[in-house]
Amino acid sequence: PQDMEWAVDDAGRIWMLQARPVTATGARPAETDDGSTDEAIVTGLGAAPGEAVGIARIISDPNESERLEDGDVLVARMTAPDWAPAMRRAAAIVTDTGGMTCHAAIVARELGVPCIVGTREATEKIVDGDRILVDAHQGRVLPGDAAPRRPTAGAAPAETASAPQSPVTATSVLLNVSEPSLADRAARSDADGVGLLRAEMMILEALGGRHPKLVVEEQGEDALVQRLSAAIGQVARAFAPRPVTYRTYDFRSNEFRGLAGGDRFEPEEANPMIGYRGALRYSHDPESLRPELRAIARLWDEGVRNLHVMIPFVRTPDELAAARDLLDDAGLMDRPGFELWVMAEVPSVLFHLPSYAEIGARGISIGSNDLTQLMLGADRDSELLADTFDERDHAVVAAIEMLIRSAKELGLRTSICGQAPSVHPEYADLLVRAGIDAISVTIDALERTRRNVAAAERRLLLETARRQA
């Protein structure tokens, strides 16, 4: 490990000012410039980079989130979709549980908020009301008087006239989006569209933290459709004419039970992660999906024609056929240009893909988070299994390559929207070589992924030219 300091002069030359080896690593306290040491209060996985200082607020329930003021540090056992309003106000997020693909990690990366997950004991060791420093680069929480060693959260790199232009790639580089409030900023990027528009946070905002069935009971379905179309349309219009693929909601029963009225409508499950979720829920309860599809149809009627639908967590052809029938009922499948996509995240997709194509799917988007979880039997939300949960495992990589190859043979377009290409640069190379059409990443990884893809495409072209020479 090296501690390096460097600068760039007006002519664009890089000057190395200092380089020294770091001889103390791991749990040993770090030495500061004045020779003192900072003892970490807790350590965990740095899930969203950055540093921030703020007052710690230990929140056990999203209903307590009014205690969290702008700029405070949210400390919780774990977050869920209904924690979104509190997460937007937080300067940083620290959780007891979770891995790199848990809810807190994914949302924090999109919001640009430093986040540490899997500390196991943050809610016990951090004192509510104390000032703390969250160093999400190294996964450490320090006393608040510890001097930050890097730019604090929110410090964006300066834009200069000499900044290199983004390379042009044949492989589309798309964005994962869940926050309508960030749509305009995201749309100003050079992303080729939105490969994954998550429904969950939009639905929570539209419902005001209440269960959808409760909202329908109190205000009627039309009110819900109106709110959903406004939220979805905000993103689709911002990116038009670039394509936006909306993934219908994939709440798990434990997350739905946390909403107001949820205990009336949701089962209690021992393992919600592989329980009553995704396409299975739609086939058992068609009414739960209809408001979303009505909202999509309304937007198409208003001229928003860059919007498509993706069905999550499809286990069997029967489930996809049931969902397709609901899209038919909503009048979507017959619209020229509209596309039905399938999340390829349950390993059974390796065997059912021809049936999915026959049912009407036009593309698949590989969800590497759930695919890895189910291929390796490793709970993606468990910090205890963080070392086992590895999207680079040979079995996972082989499954992805098989999916892309099979989809191309069936005439289906292919994308990937899991976390893997956002955090593992080598994924761009293997995906390009496999022939994927698009890669969808979080906004913080967009520029890096574009460059990785461009480099992978150049390597592939050079290797092909050398073989033919």
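Numbering of residues begins at 1 and proceeds along the displayed sequence.
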How far does [atom1] of [X] sit from [atom2] of [Y], to the nearest 0.5 angstrom?
X: Asp250; Y: Met310; atom1: CG; atom2: CE; value: 10.5 Å
X: Asp393; Y: Leu376; atom1: CG; atom2: CG; value: 4.5 Å
X: Ile443; Y: Thr449; atom1: CD1; atom2: OG1; value: 11.5 Å
X: Asn254; Y: Glu268; atom1: CG; atom2: CD; value: 10.5 Å
X: Arg315; Y: Ser348; atom1: CZ; atom2: OG; value: 8.5 Å
X: Phe313; Y: Thr248; atom1: CZ; atom2: OG1; value: 13.0 Å

[X] with [Y]: basic N within carboxylate O range, under 4.0 Å:
X: Asp72; Y: Arg89; answer: no
X: Arg281; Y: Glu266; answer: yes
X: Arg120; Y: Asp96; answer: no
X: Arg188; Y: Asp184; answer: no
X: Asp190; Y: Arg242; answer: no
X: Asp128; Y: Arg57; answer: yes
X: Glu447; Y: Arg451; answer: yes
X: Arg88; Y: Glu110; answer: no
X: Glu200; Y: Arg247; answer: yes
X: Lys125; Y: Asp130; answer: no
X: Asp192; Y: Arg450; answer: yes
X: Glu339; Y: Arg413; answer: yes

Is the cationic atom of Arg380 (NZ for Lys, CZ for Arg) positioned less than 6.0 Å from the six-membered ring centroid of Phe389 and within 45 degrees of its normal? no
If you look at every heavy atom in [X] and [Y], which pair is closest and at what distance?
X: Cys115; Y: Ala104; value: SG-O, 4.0 Å
X: Ala47; Y: Met100; value: CA-SD, 3.7 Å
X: Leu174; Y: Ser415; value: CD1-OG, 4.2 Å
X: Ser368; Y: Ala420; value: OG-N, 3.4 Å
X: Ile311; Y: Ala279; value: CG2-CB, 3.8 Å
X: Ala86; Y: Leu68; value: O-CD2, 3.1 Å

Using the six-membered ring wherever Trp is involved, compare the ring planes of Phe256 and His211 and label them parallel, tilted or perpendicular (cut-offs 30° and 60°). tilted
Any side-chain heavy atom of [X] within less than 4.5 Å of one from [Y]?
X: Glu457; Y: Thr169; value: yes
X: Asp429; Y: Asn452; value: no
X: Val53; Y: Ile132; value: no
X: Val397; Y: Tyr427; value: yes
X: Val75; Y: Ile59; value: no

Only one of His103, Met78, Met273 passes side-chain contact (heavy atoms from CB on, under 4.5 Å) with Asp381, and that residue is Met273
Counting only heavy atoms not in Asn271, do more than 12 fall under 6.0 Å of its CG? yes
